[in-house]
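When a ligand or atom number is given, it counts from 1 through the structure's own listing order. For reference, positions follow the sequence shown, starting with 1. Please read all numbers here as calculations on a predicted model, not as lab measurements.
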Amino acid sequence: MDHLWVPDELRVAPFLDPAIRPGPPTPRYALLINPFYPKDPHASFGKHVLTPSLALTSVAGATPPEWQVAYWDENLVQGPPPWRPFPQVVGITVHLTFARRAYALAEWYRRRGARVILGGLHVLSCPQEAAPHADALAVGEGVQLWPRILGDVDNGRLERVYQGDYRQPYREDPAPRRDLLPRRSFLTTTSLIATRGCHNRCGFCYLSTEGLHMPYLVRDVEQIVAEFRDDGQPYAVFIDNNLGSRPEYLRRLCRALRPLDRIWSAAVTLDVTDDPSVVREMALAGCTGVFIGFESLSDGNLAAARKKTPRTEDYARRVDILHENGIQVNGSFVLGFDQDGPDVFPQTADWIEKNRLECATFHILTPYPGTPLFRQMEGEGRLLHKNWDLYDTAHVVFQPRHMTPEQLAEGYAWCYHRLFSHRSIWRRRPADRHAVLPYLAMSYLYKRSNRLWHLLIRHRLTALVWRPLVECTRRRHVRFRRRLEAVPISGFELRAGAVVAAGV
Ligand code: B12
Ligand code: SF4
């Protein structure tokens, strides 16, 4: 099967040569690194170059003018990270799945004389584990900490731990430094973030990590519009946890985005459909796709996870509201909850096909350290190990209640296999026949072309190949919006499925 093929450079991190002797560090030069993680061959490799994480570009935006800053993403498979000129400071973002790689990078640079600062989600949840690998830790929000840290390096007073605060309003934050990104390597460099937090606190989500206080805060809509415009790309991805937690803010944001005539996608919860007029505003503002955490089709599982969500029997009607507004749905499903037995796999796949979800992402339930789910699993003695490398939602790391770990692993692989099959892609084609061809083109390119993705990533051709397709989608969407504007709010008789998003 094509999608189970994985080349070495997407599986193994670049070699860090112990023989390199770079000479003295260059004063006031900082290098920011996004570490390598192995790619899951069940899913599309394209996902990893859809849009960059904002962690390091946000931090880079706060670099004092007297410092030079560079950015390196190991997942773009361009070899080992740079060391000429050798940086005085190396900032590394750490998630649990690539913590081991982050520590190896830290050691390599520290041994050669750089000061290494570790930040990111895993530093927040496991600071004691990270501390021995760094000269300093940035715990929590990093934009406010970064200038302080560099100032302290300058004055020779670097502290061991810096505590950021997510409760401070962040409307004054500088814009992320997207200019540092290799533009050819991503489908779009315009990752945007308008809000922080989520109105939910699901027990399995990193937002419920002990000690993380992240109230729902929003940025000025004008700032978002300016960032979108200034990056000059036709398509943006909102990487917010939940862009829809405050529908009135979302409505304002949409109205501000509308005149740009561009397209975008975002993660929202299904309750965004409580008020269909908000969905319509999203469509009119250029929303072509949403990423929705359905998580489970069992109300019992959702209640146990403490997710406030509509009842599952109402899911289908709500998906229709999005489709009727030409918004394609990428559903995210978590497998292995306590009420799941082996029948969860075919049931979930059938439901996705029946409701014609254009795209679906599967995750094996994963207890992130510091979350209520982790405490529960640990308390019940159900964690199989604490090898964070495998806590990537593609491996089973706990004992499921109603099946074996092997059944869960096989069921996960089966779900991807089925959803990426010709038959399933065809079954989920849009109801509007004009939309079928673009849907098929995008589906095949995204879901069944991992060999092509590898070449595009390696040769930095992602933007070149995708940009014309994205531009076509944008133009079609602008025409669609004009038609939608003419339809009365109450009547969704216009089947607007003529839109296929650029890659979610
Ligand atoms: C963009 C994104 C991606 C992109 C890019 C990933 C990458 N690493 O390059 C893609 C689509 C490829 C991706 C893939 C995956 N992702 Co992802 N992704 C995100 C997303 C939506 C946005 C990240 C972001 O830009 N955040 C905004 C920045 C500003 O916040 P931040 O990262 O916390 O950074 C701040 C601070 O932490 C701190 N900071 C961070 N680093 C540093 C470094 C220094 C030096 C300093 C000073 C400060 C600092 O300062 C920043 C500004 O305040 C988040 C959800 C979210 N909204 O955060 C999920 C998320 C990070 N992903 C997650 C997961 C699970 C995955 C996958 C494993 C899923 C899968 N099975 O496919 C894969 C594989 C990645 C992997 N193995 O880790 C989880 C991680 C959970 C965890 N506890 O680690 C998240 C939180 C989603 C979720 N709700 O569960 N992802
Ligand atoms: S709704 Fe999504 S983002 Fe919000 S807490 Fe639950 S899993 Fe996390």
Side-chain angles (χ1 to χ4, degrees), residues 30 32-40 42-62 73-76 89-99 101-102 116-125 134 136-146 148-150 162 164 166 170 173 176 186 191 193 195-209 214 216 237-242 244-245 267-271 291-293 295 305-309 332 334 361-364 366 368-371 388-389 391-395 504:
L32 296 169
I33 306 181
N34 188 28
F36 177 88
Y37 52 86
K39 310 300 173 287
D40 176 7
H42 294 106
S44 171
F45 295 156
K47 159 180 179 171
H48 305 283
V49 283
L50 171 65
T51 196
S53 148
L54 274 179
L56 295 174
T57 43
S58 302
V59 167
D73 186 343
E74 287 203 295
N75 298 293
L76 303 176
V89 169
V90 177
I92 305 175
T93 187
V94 192
H95 290 184
L96 80 169
T97 53
F98 48 76
R101 175 62 180 175
V116 171
I117 319 299
L118 296 181
L121 301 180
H122 191 59
V123 171
L124 180 84
S125 53
L137 297 183
V139 180
E141 207 293 306
V143 172
Q144 48 186 278
L145 297 178
W146 185 239
R148 244 178 78 199
I149 292 172
L150 294 183
Y162 293 80
Y166 282 109
Y170 70 137
D173 281 2
F186 293 99
S191 329
I193 187 162
T195 67
R196 199 144 72 189
C198 174
H199 66 295
N200 263 313
R201 277 290 178 280
C202 305
F204 57 84
C205 181
Y206 84 100
L207 288 177
S208 61
T209 302
M214 195 189 274
Y216 198 75
V237 179
F238 282 93
I239 54 98
D240 306 52
N241 295 298
N242 185 356
S245 271
V268 291
T269 36
L270 195 54
D271 48 15
F291 181 87
I292 293 194
E295 328 301 5
R306 288 184 272 147
K307 180 152 184 156
K308 291 182 235 114
T309 182
S332 170
V334 177
T361 322
F362 300 99
H363 302 277
I364 294 175
T366 300
Y368 296 136
T371 59
W388 305 140
D389 293 5
Y391 277 58
D392 61 354
T393 78
H395 293 88
V504 270

[atom]: any protein heavy atom closer than 4.0 Å:
atom                    : answer
atom 63 (C) of ligand 1 : no
atom 59 (C) of ligand 1 : no
atom 91 (N) of ligand 1 : no
atom 13 (C) of ligand 1 : no
atom 28 (C) of ligand 1 : yes
atom 9 (O) of ligand 1  : yes
atom 72 (O) of ligand 1 : yes
atom 66 (C) of ligand 1 : no

Could you tell me the residue and atom name of the protein heavy atom closest to [atom], and the distance to it rounded to 0.1 Å?
atom                    : value
atom 2 (Fe) of ligand 2 : Lys307 NZ, 4.1 Å
atom 34 (O) of ligand 1 : Ala55 CB, 3.6 Å
atom 37 (O) of ligand 1 : Gly120 CA, 3.4 Å
atom 33 (O) of ligand 1 : Leu121 CD2, 3.7 Å
atom 48 (C) of ligand 1 : Val59 CG2, 3.7 Å
atom 70 (C) of ligand 1 : Lys47 NZ, 3.4 Å
atom 55 (C) of ligand 1 : Asn241 OD1, 3.8 Å
atom 8 (Fe) of ligand 2 : Cys205 SG, 2.4 Å
atom 41 (N) of ligand 1 : Thr93 OG1, 2.8 Å
atom 25 (O) of ligand 1 : Leu54 N, 2.6 Å

_Thr209 to ligand 1, any heavy atom closer than 4.0 Å_ =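 Thr209 does not count as a contact of ligand 1 under the 4.0 Å cut-off.
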*Work out whether the distance between some heavy atom of Leu50 and some atom of ligand 1 is less than 4.0 Å.*
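No; Leu50 lies far enough from ligand 1 that no heavy-atom distance drops under 4.0 Å.
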_Is the contact between His199 and ligand 2 made by the side chain, the backbone, both, or neither, using heavy atoms and a 4.0 Å cut-off?_
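For His199, no heavy atom sits under 4.0 Å from ligand 2.
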*With heavy atoms under 4.0 Å as the rule, classify the contact between Asn200 and ligand 2 as side chain, backbone, both or neither.*
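Both the backbone and the side chain of Asn200 come within reach of ligand 2.
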With a 4.5 Å cut-off on side-chain heavy atoms, are [Y] and [X] touching?
X      : Y      : answer
Ser53  : Thr93  : no
Leu121 : Tyr368 : no
Leu32  : Trp146 : yes

Counting each atom of ligand 1 from 1 as listed, which ones have a heavy atom of [X] under 4.0 Å away?
X      : value
Phe98  : 8 (N), 78 (O)
Ile117 : 45 (C)
Glu141 : 52 (C), 53 (O)
Asn34  : 7 (C), 8 (N), 9 (O)
Ala138 : 46 (C), 47 (C)

*Are Arg196 and Tyr170 in a cation-pi setup, meaning NZ or CZ lies under 6.0 angstrom from the ring centre and within 45 degrees of the ring axis?*
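Yes, a cation-pi geometry.
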*asked:* Using a 6.0 Å distance limit plus a 45 degree cone around the ring axis, check whether Lys39 lies over the aromatic ring of Tyr37.
replied: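 Yes, cation above the ring, under 6.0 Å and within 45°.
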_Sub-4.0 Å heavy-atom contact, Thr269 with ligand 2_ =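 For ligand 2, residue contact (heavy atoms, under 4.0 Å) with Thr269 is present.
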Side chain, backbone, both or neither: [X] near ligand 1, heavy atoms under 4.0 Å:
X      : answer
Asp73  : neither
Thr97  : side chain
Thr393 : side chain
Tyr391 : neither

*With heavy atoms of Cys198 as the reference, note each atom of ligand 2 found under 4.0 Å away.*
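Answer, ordered by atom number: 1 (S), 3 (S), 4 (Fe), 5 (S).
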*Among Gly61, Gly119, Ala134, which residue places a heavy atom closest to atom 42 (C) of ligand 1?*
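The residue whose heavy atom sits nearest atom 42 (C) of ligand 1 is Gly119.
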_Judged on heavy-atom distance to atom 36 (C) of ligand 1, which of Ser191, Gly140, Ala60 sits nearest?_
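Closest candidate by heavy-atom distance is Gly140.
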*Closer than 2.8 Å to atom 6 (Fe) of ligand 2, do we get an N, O or S atom from Cys202, backbone or side chain?*
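Looking at Cys202, which is the residue asked about, there is an N, O or S atom under 2.8 Å from atom 6 (Fe) of ligand 2.
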